[in-house]
> 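Next up is a structure, given as structure tokens.
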Amino acid sequence: MRVWRAIDDSFDDLKVDIRRSDQQAYASSARLNEDRSTSINGSIMRKIVGVKPDLIISKNMLEYGAAEHGYEDEAGVGTKELTERYLKLPKTMKDMMLKISQYLDNDRKALRSLRIIGFSHTHLRMVGLIMDAPCGYVCRIRELKEVIIPCEFERFYTTYIRFIKQVFTLKYIVKESMTIVRHATTSTDEENDDDDGNMLASLVNKSQDIMDIPSCLNKYGACTDKKTRKRKDREDDDSYSGH
């Protein structure tokens, strides 16, 4: 809906790329094809198409956020909303976080400060998500308070202000993450300008403070077409409604 267009416009001053053209996420594509290689006879394994979020926030080939959108409001219990909000979107956000971490040589300090955002909006409801890795090897995801934009014009402006406030909160997180990446890469370039002895010492010290978080599990199984999946979802909903 046009009301969600404000999300795209809010990030204009950060000079980021906002993609809503049904393109696959680079980070998810990298995870799904991490075992792709050539065989002895020269053949190449078939490439798996990555996840295609409804919105991707990126800059310089690094992705900082994603969104999933649903047109029909089923009171928060629809199959599409549950799947995208609690499975597809969190996995996409983790892929983005680990891709940036890999770009930063898995630096522990940078990864602890890094955060990835997500939007889950269905009809006139929106929930913001924030992912980080504060300790250990587990990524934490937190949900902001759900914002509901009413249909009545009399109550529209009061709720829309809360919506804009939440969007700008997530925008500030993206700005912080971009600053972390910029400072981390700048410090690395300064280390590379040192003499050979200092460069070797910095590489040794840096290798002692890295953290490699495991990526999401890839699901392999029998492929089904889109119509078959939709029919199965309807059958599941009908079976539950009969009880």
Side-chain angles (χ1 to χ4, degrees), residues 1-12 14 16-36 44-74 76 78-103 115-131 139 141 143 167 170-171 173-174 177-178 215-234 236:
M1 296 185 66
R2 293 183 178 180
V3 66
W4 307 124
R5 186 69 185 179
I7 297 177
D8 306 32
D9 298 336
S10 299
F11 287 87
D12 286 346
L14 295 184
V16 297
D17 297 324
I18 302 292
R19 307 201 306 269
R20 283 190 182 268
S21 55
D22 198 26
Q23 298 182 7
Q24 64 179 345
Y26 302 132
S28 296
S29 178
R31 170 177 60 84
L32 293 171
N33 296 280
E34 58 186 358
D35 296 328
R36 188 172 186 241
I44 303 177
M45 298 174 59
R46 183 177 180 181
K47 183 180 179 181
I48 303 175
V49 179
V51 177
K52 296 181 179 180
D54 294 321
L55 177 143
I56 300 176
I57 303 172
S58 63
K59 186 171 185 177
N60 299 331
M61 299 297 291
L62 295 177
E63 297 159 327
Y64 296 89
E68 292 292 347
H69 175 65
Y71 291 96
E72 297 181 2
D73 189 354
E74 300 183 47
T79 302
K80 175 179 172 61
E81 181 177 356
L82 293 176
T83 302
E84 293 182 344
R85 179 172 172 179
Y86 296 109
L87 183 61
K88 180 181 176 182
L89 185 56
K91 292 182 70 174
T92 303
M93 294 168 63
K94 184 176 181 180
D95 291 338
M96 294 177 175
M97 172 174 283
L98 297 188
K99 189 64 177 179
I100 297 178
S101 176
Q102 182 183 5
Y103 178 77
R115 289 182 291 178
I116 302 296
I117 69 166
F119 297 93
S120 176
H121 37 80
T122 303
H123 193 52
L124 292 177
R125 296 184 294 109
M126 188 196 78
V127 175
L129 297 91
I130 304 173
M131 175 174 284
C139 292
I141 188 165
E143 289 188 355
V167 171
L170 297 176
K171 171 189 172 182
I173 293 176
V174 172
S177 297
M178 292 170 56
S215 61
C216 300
L217 296 176
N218 293 329
K219 180 180 178 182
Y220 297 102
C223 296
T224 57
D225 57 13
K226 194 171 184 180
K227 292 183 178 179
T228 303
R229 292 196 301 268
K230 286 186 176 181
R231 183 172 63 253
K232 187 177 183 302
D233 292 340
R234 287 197 299 267
D236 293 341

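Just so we're clear, the structure is a prediction, and the values are computed from it rather than from any experiment. By convention here, the first residue in the shown sequence is residue 1.
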> For side-chain contact (heavy atoms from CB on, under 4.5 Å), just list the numbers for S120 and M126, CA-CA rounded to whole Å, side-chain angles, deciding distance to a tenth of an Å, and then say yes or no.
CA-CA 6 Å; S120 176; M126 188 196 78; over 6 Å; no
> Would you say D95's side chain and A27's backbone share a donor-acceptor pair under 3.5 angstrom?
no
> Could you go step by step and tell me if L14 and K171 meet the side-chain contact (heavy atoms from CB on, under 4.5 Å) rule?
CA-CA 9 Å; L14 295 184; K171 171 189 172 182; 3.9 Å; yes
> For residues I7 and V167, report the shortest heavy-atom separation together with the two atoms involved.
CG1-CG2, 4.0 Å
> Among M97, M96, R115, which one satisfies side-chain contact (heavy atoms from CB on, under 4.5 Å) with M131?
M97
> Are S29 and K47 side-chain neighbours, meaning at least one heavy-atom pair lies under 4.5 Å?
yes
> Calculate, to the nearest 0.5 Å, the distance between atoms CE and CD1 belonging to M178 and I173 respectively.
14.0 Å
> Start with the C-alpha distance between I57 and D17, add both sets of side-chain angles, then the distance that settles side-chain contact (heavy atoms from CB on, under 4.5 Å), and finish with yes or no.
CA-CA 6 Å; I57 303 172; D17 297 324; over 6 Å; no
> Give a yes or no on whether Q23 atom CD has more than 12 heavy-atom contacts from other residues, nucleotides or ligands under 6.0 Å away.
yes
> If you compare all heavy atoms of A25 against all heavy atoms of T92, which two are closest, and at what distance to 0.1 Å?
CB-CG2, 4.4 Å
> Hey, are the side chains of I141 and M93 touching, using non-hydrogen atoms and a 4.5 Å cut-off?
yes
> Restricting to non-hydrogen atoms, name the atom on A67 and the atom on P53 that form the minimum distance, rounded to 0.1 Å.
O-CB, 3.7 Å
> For the atom pair CG (D9) and CD1 (I18), what is the distance rounded to the nearest 0.5 Å?
9.5 Å
> Is the count of non-hydrogen atoms from other residues, nucleotides or ligands lying under 6.0 Å from K99 atom NZ greater than 12?
no
> Can you give me the closest heavy-atom contact between E63 and S58, atom names plus distance?
CG-CB, 3.8 Å
> Should the pair H121 and F119 be assigned to parallel (<30°), tilted (30 to 60°) or perpendicular (>60°) ring geometry?
tilted
> A cation-pi test, strictly: NZ or CZ of R19 under 6.0 Å from the centre of the six-membered ring of Y26 and no more than 45 degrees from its axis. Yes or no?
yes
> Below 4.5 Å, heavy atoms only, C-beta onward: do R31 and C216 meet side chain to side chain?
yes
> At what distance, to the nearest 0.5 angstrom, does CG of L98 lie from OG of S28?
10.5 Å
> Side chain of W4, backbone of L124: donor and acceptor closer than 3.5 Å?
no
> Taking E84 first and then K91, would you say they form a salt bridge - that is, a charged N and a carboxylate O separated by under 4.0 Å?
no
> How long is the straight-line distance from OG of S177 back to CD1 of I100, given to the nearest 0.5 Å?
6.5 Å
> Using every non-hydrogen atom in the two residues, find where Q24 and G50 come nearest and quote the distance to one decimal.
OE1-N, 2.6 Å
> For the pair R20 and D8, find out whether any cationic side-chain nitrogen is under 4.0 Å from an anionic carboxylate oxygen.
yes
> Start with the C-alpha distance between E68 and K52, add both sets of side-chain angles, then the distance that settles salt bridge (Lys or Arg N to Asp or Glu O under 4.0 Å), and finish with yes or no.
CA-CA 9 Å; E68 292 292 347; K52 296 181 179 180; over 6 Å; no
> Do K80 and H69 have side chains that get closer than 4.5 Å, going by heavy atoms?
no
> Less than 4.0 Å between a side-chain N and a carboxylate O, is that true for E143 and R85?
yes
> At what distance, to the nearest 0.5 angstrom, does CG of L55 lie from CG of L89?
10.5 Å
> Apply the test side-chain contact (heavy atoms from CB on, under 4.5 Å) to residues I117 and Y64: give CA-CA distance (whole Å), side-chain angles for both, the deciding distance (0.1 Å), then the verdict.
CA-CA 7 Å; I117 69 166; Y64 296 89; 6.0 Å; no
